[in-house]
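Notes follow the structure.
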Amino acid sequence: MLSSSHLVFFPFFILIIHFSSLLILSLSESDYTRPDKYFIACGSKSNVTTNERQSFVGDRAHPPFFLSPGRSKAIITDETSNDMSSLYKTARVIETPSSYELEVDQDGTYMVRLHFHSFPSEFNLSEAFFDVLASGYSLLSNFSVRTQSVEEFLLPIKKGKFKLYFQPSQNSLLAFVNAIEVFLVPEEDLLPKSAQLITLDGTKGIQSDLISLVYRTIHRINVGGKTVTPESDFLWRTWLQDDGFLIKPEAAKKSQYYDGTLKFLPGGSTKYSAPEYVYRTGRELNVQADFSKATWAFPVSKSANKHLVRVHLCDIIGKALSVFDFTLFIYNKLERTIDAYDDIGNLQSPFHLDYVVDTNGSGFINISIGLVASNNWSSVPNAYLNGVEIFEIERTSSIAVFESPLKQNGSVIGFGSFVAFLVIIGMLISVLMVLKSKTAKFKRYAFQFLYEGMSSDRPKIDKVEWALRREGFEDTTTSTKTSLDDDDGSKYGDNDSNTSSTQFST
Ligand SMILES: *[C@@H]1O[C@H](CO)[C@@H](O)[C@H](O)[C@H]1NC(C)=O
Ligand SMILES: *[C@@H]1O[C@H](CO)[C@@H](O)[C@H](O)[C@H]1NC(C)=O
Ligand SMILES: *[C@@H]1O[C@H](CO)[C@@H](O)[C@H](O)[C@H]1NC(C)=O
Ligand SMILES: *[C@@H]1O[C@H](CO)[C@@H](O)[C@H](O)[C@H]1NC(C)=O
Ligand SMILES: *[C@@H]1O[C@H](CO)[C@@H](O)[C@H](O)[C@H]1NC(C)=O
């Protein structure tokens, strides 16, 4: 029986339930708004707008961020080709370690997209080999660009200062970048909290805590459709065609384009997961020609640790719900029965499945769709695939943070705690070597670093800090600071050779 006090609280209780359900509603996808910063056109004096995209702020147009000290220079191409994005007509060439320092106002998962286009200039940009680091994480190491490349990462960023740090690799004189995007994404639409683990030796498990990892986009594929350009994707992603990855092209044909309404259901994909176009196009088995299986092979790095694989599905070929099911394979290790009825509950309803795939050594992630034998009750057995995303999961242990400087000094990396010891020894040797030619100030920083690196109870110093200390950047008295305004005028699009020689004397 309810006491009187219960009776008093009961309406409140209802109210609380009511409000919390409102809260849950309001926290769902609708509360994500696309941020308007940070989109940076490097080396540009004016703001750049490309097609219907976000406007990019020129890093010399009084931007709302800070470009750290370090020798860098804005360059501009004289190429006048119209089909080249205006983002790729300017670049910032970086000769000594420099960072873009952004102010992030919310914890969350961020997309970091870096654009590189190596155009002819006074520098040979194809000869640049460089590292890119983000506060605490190594994003690219000894990276180089033949012609053009867009590198994309998803990473957890905490509210506060976020530094994106560029440094030429050893033996290289320059780094460069044409444009930078850093923006918050709706993480629950892009990343699963956990996913089934698939290993080549067949061991099974669940990988959890996936939100806290760092991802590099390797493949983003619109199966059976045309390339989707950034203007057509809510998060400005590019989705490429699958033709080059399908091992036997005749095994799977393009499905008929679906132009009806897609039914977005709870538990399935959202408009942020992939553009509708990805789900409206797809491939199905060429059953008329007796193909019962089709395989796509996606090249991945042999040295990569693990990948997150997202398979996008939407039954646009079934004439009725549950007239067939089929099997999704990853290598021959995963065999998952797909049934639109069980998996999402309706036809034309986009959904996706996530797997963490161990790829050590094989160099490919192979994804197949195939008929299931038990389907012979169905008059129209088939199988389909609409999209694939593959992300490399970056190593982010504290050891990895120290990996790159060591590698640059030619040392060998091993595993376990012994590595930590080697790291210290390696650094000691390199520090001693460098000390001969450097100042007493450097000595102070180097030893401070070694001391802090060895005492295990201190928070780890990230590589960026280390590199900054190595350069003496944190010391405000070393006045190598160049403000953005300093490089205005003479250096911008100006072929005056004496300015470049004074800027780049070594
Ligand atoms: C570029 O855009 C930023 C941010 O919108 C603005 O503050 C700045 O004044 C603009 N600069 C120019 C040169 O238009
Ligand atoms: C730039 O460097 C690349 C790689 O070393 C070389 O193949 C190319 O010829 C160079 N281009 C120019 C214009 O010097
Ligand atoms: C994946 O496909 C590639 C390319 O066809 C092939 O060489 C490789 O053996 C396949 N790997 C596995 C594990 O099936
Ligand atoms: C098809 O079904 C029949 C019975 O309905 C069964 O005997 C046969 O093995 C099935 N074929 C396949 C390929 O599974
Ligand atoms: C970077 O890559 C180039 C070309 O692959 C190689 O020659 C060079 O030794 C590498 N440098 C470092 C520091 O790993």
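What's counted below: heavy atoms across the whole structure, side chains too, no hydrogens, waters or symmetry copies. For clarity, every value in this text was computed on a predicted model and none was experimentally measured. Start at 1 and go down the list; that is how both ligands and their atoms are numbered.
Considering backbone and side-chain atoms alike, Ser169 places every N or O at 3.5 Å or more from each N or O of ligand 5. Residue contacts with ligand 2: Asn124 is placed with a nitrogen or oxygen under 3.5 Å of a nitrogen or oxygen of the ligand (distance criterion only).
Protein residues with a heavy atom under 4.0 Å from ligand 3 are Ile247, Ala297, Tyr331, Phe364, Asn366.
The aromatic rings of Phe130 and Phe166 lie tilted to each other, with the angle between the two planes from 30° to 60°.
For Gln256, the side chain to side chain contact (heavy atoms under 4.5 Å, CB included) test picks out no residue, with sequence neighbours left out.
Applying side-chain contact (heavy atoms from CB on, under 4.5 Å) to Glu152 and the options Arg220, Glu181, His115, Arg216 leaves one that passes, Arg220.
A distance of 6.0 Å or more separates the ring centres of Tyr100 and Tyr38. If you look at Trp296 and His219, their ring centroids are not closer than 6.0 Å.
Among residue pairs with one or both ends in residues 359-372, none qualify as salt bridge (charged side-chain N to carboxylate O under 4.0 Å, His left out); sequence neighbours excluded. Residue pairs meeting the salt bridge (charged side-chain N to carboxylate O under 4.0 Å, His left out) criterion with at least one member in residues 293-313, sequence neighbours excluded: Arg310-Asp354.
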